[in-house]
Amino acid sequence: MKSAVPDVRTRAMNESDPNLSGRFALYWMTSFRRTEHNFALQRAVEWATELDTGLLVLEALRCDYRWASDRFHRFVLDGMQDQLEALEGRSGVTYYPYVEERPGAGRGLLAELARSATVVVTDDFPTFFIPEMLRAAADRIAVRLEAVDSNGLYPMRGTEKVYPSAYTFRRHLQKALPPHLERTPDADPVAKLGGRTAPEVPAAVLRQWPDATPRLRTLASDLSDLPIDHGVEPAEIRGGVTAARSRLRTFLDHPLSRYADDRNQPDEDASSGLSPYLHFGHISAHEVFAAVAEREGWTPDFEGRPTQGKRTGWWGMSVPAEAFLDELVTWREVGFNMAAHRPDHREYESLPDWAQRTLADHAGDPRPHLYPLDAFANARTHDEIWNAAQRQLRREGVMHNYLRMLWGKKILEWTRSPREAASVMIELNNRYALDGRDPNSYSGIYWCLGRYDRPWGPERPVFGKIRFMSSASTARKLRLREYLERYSD
DNA sequence: ATCGGCTCGCGCAA
DNA sequence: TGCGCGAAGCCGAT
């Protein structure tokens, strides 16, 4: 099929052909939870028009995935409400939200729906339970199953190489990204279904797996009936595409101009706050990029720009805009590059050799402060900066980006082994952070243990040559007073 | 306030 | 084969 979605973003997950007698193309939305700027949805629309059917959009929310809690459910449900409103009354498309009530209740839904489908298109996301779920689905589905990468500006499988540093990845992007900037997803892919009839969800399917539409609002405010972790409460920040866009506008209007100077200052509100939305797919990197470019009055022109991996000067935008794009593109997408190519990206053994070597050299060093997981979780350490950062994470589902590094460095220092440090970081990050369970969770966590970094001297206890950070120098360097006050016990 | 040193691996120029 | 350079490090010298 002729497609506007780049081939490098599309993977056939099985050998099957489309079922020409299917009644609809099925888009199984799992990671890019939005109806706009979404290559996967766009691809599903292409199949619908190609095979002359409508499109069914299934957005499912399981209750038995690891770390399922009121916090993440609420965020996803906010998004479902937005999807419902965005697709209501659009021709050719039916939105079918499903919220699983008991573990395993959703089993069989996809396969059953696929029996009536021409093809199934889904989201290609390289970590958490998604890759395993995709493989399992491929075995159970008799029609063509495609996974489409709409994660970032550069396709996560755009190169076979795995980049060991942001610097080398940036240098690669400076050569390889420009053509991809011209291949953006349609802003409103569903528009191409104009004039078509919206498909009906088969009645037998609805009997077993009821449409959650009538319950979405109730669920968003009361999750007590679901078997998920009610101890991790909903965050104050709302999920969904509408909230994501509103945060983007706020960021462009104010903090962006201070981004380069102040993003590391906990007392300033200079960070984008977009990572939860990017994680759940409530906003696309393409849309964020386009908004920044528009604000900067920027059009692509890379003639004569340096391509040596330098952090500034390549885009030809303002200093703060370039600093932000280095986070949004280089740092965000280097994590997708790693996760897409290395199934072991969550494991300690994926650290670079020099890091594992130096940490092993210091395995026997004395560790004067040791805390178990729940002391960390409850912010009961001797260090008030660390405790404040952890309280912010627990309460708000986000942590200030600079303190997030210090937070991890101290967990390394205060656990029995670097392996235990990694597992504590993974547990806390994925349990509490809205942007957890993401390729960049592992980039950030393992950065604290040397990934994407280089050795630093002098060699220190426990850390060895891993870059050391201390609360004392953080307190000296940063404006923190209000932050410590706000997140005091 | 600013600077060099600490230390390793990469990719590119030569 | 050599060289430059790198997420935000720290520390001590100037």
Side-chain angles (χ1 to χ4, degrees), chain A residues 159-176 258-268 270-272 275 306-314 319-338 341 350-362 383 385-386 389 399-413 425 435 439-480 483:
Chain A
T159 168
E160 285 303 300
K161 259 180 72 80
V162 182
Y163 287 86
S165 69
Y167 168 68
T168 51
F169 185 61
R170 190 182 297 115
R171 186 161 49 189
H172 173 69
L173 287 180
Q174 291 174 348
K175 287 168 191 127
R258 298 181 292 128
Y259 192 79
D261 294 332
D262 288 345
R263 74 179 183 284
N264 282 342
Q265 298 294 346
D267 281 354
E268 310 293 329
S271 51
S272 76
S275 72
T307 57
Q308 318 312 313
K310 292 236 172 298
R311 272 193 288 171
T312 53
W314 181 70
V319 169
E322 290 201 341
F324 174 65
L325 291 182
D326 203 44
E327 304 299 323
L328 179 74
V329 187
T330 311
W331 278 100
R332 177 164 180 272
E333 298 192 12
V334 76
F336 281 86
N337 166 264
M338 169 85 63
H341 293 96
S350 66
L351 282 172
D353 289 342
W354 71 266
Q356 293 190 58
R357 241 183 286 128
T358 193
L359 287 168
D361 285 346
H362 291 267
D383 182 319
I385 296 180
W386 195 95
M399 188 190 295
H400 187 270
N401 48 32
Y402 186 93
L403 297 178
R404 208 168 189 171
M405 297 184 280
L406 179 68
W407 175 88
K409 294 289 185 182
K410 296 296 102 173
I411 292 175
L412 169 61
E413 193 175 328
M425 283 190 260
D435 67 4
N440 290 288
S441 302
Y442 301 97
S443 298
I445 286 164
Y446 283 114
W447 179 84
C448 296
L449 305 183
R451 175 175 295 169
Y452 299 135
D453 208 8
R454 66 177 188 277
W456 292 88
E459 209 162 329
R460 291 166 191 279
V462 183
F463 286 78
K465 294 167 191 161
I466 304 293
R467 181 195 300 254
F468 179 75
M469 292 174 82
S470 79
S471 299
S473 63
T474 300
R476 234 175 286 128
K477 220 164 54 161
L478 298 188
R479 299 190 288 274
L480 271 171
Y483 184 92

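For the numbers below, each heavy atom of this structure counts, side chains included, while hydrogens, waters and symmetry mates do not. Just so we're on the same page: letters track the sequence lines, and every chain starts at 1.
Taking 4.0 Å as the cut-off between side-chain N and carboxylate O, D262(A) and R479(A) count as a salt-bridged pair.
Within the 4.0 Å cut-off from OP1 or OP2 of dC10(C), not a single side-chain nitrogen or oxygen of R460(A) is found. Listed pair R454(A) / dC6(B) fails the phosphate criterion, with no side-chain N or O lying under 4.0 Å from OP1 or OP2. Applying the 4.0 Å criterion to OP1 and OP2 of dC10(C), one finds that K465(A) has every side-chain N and O outside that range. Between dG11(B) and R171(A), no contact under 4.0 Å exists linking OP1 or OP2 to a side-chain N or O.
When heavy atoms are screened at a 4.0 angstrom cut-off, K410(A) is found touching no nucleic acid atom at all. Residue R357(A) is in sugar-phosphate contact alone, with no base atom involved, counting any heavy-atom pair closer than 4.0 Å across all strands shown. Residue contacts for R263(A): at a heavy-atom cut-off of 4.0 Å it reaches a base atom on one of the strands shown. Q308(A) comes within contact range of no nucleotide atom at all, as no heavy-atom separation falls under 4.0 Å.
Residue ring and base: Y402(A) does not count as stacked with dA8(C) (centre distance below 5.5 Å and interplanar angle below 30° not both satisfied).
Side-chain proximity of R476(A) to the nucleotides dC11(C), dC12(B), dC5(C) is greatest for dC11(C).
In this model, no side-chain donor or acceptor of D453(A) finds a partner on the base of dA7(C) within 3.5 Å.
Across all strands shown, dC3(B) forms a Watson-Crick or G-U wobble pair, both distances under 3.5 Å, with dG12(C). dA7(C) is unpaired under the criterion used here, namely a Watson-Crick or G-U wobble arrangement in which both key atom distances are under 3.5 Å.
Distance check on atom P: dG4(C) versus dG4(B) gives 14 Å, rounded to whole Å. When the P atom is used for both dC10(C) and dG9(B), the distance is 23 Å, rounded to whole Å.
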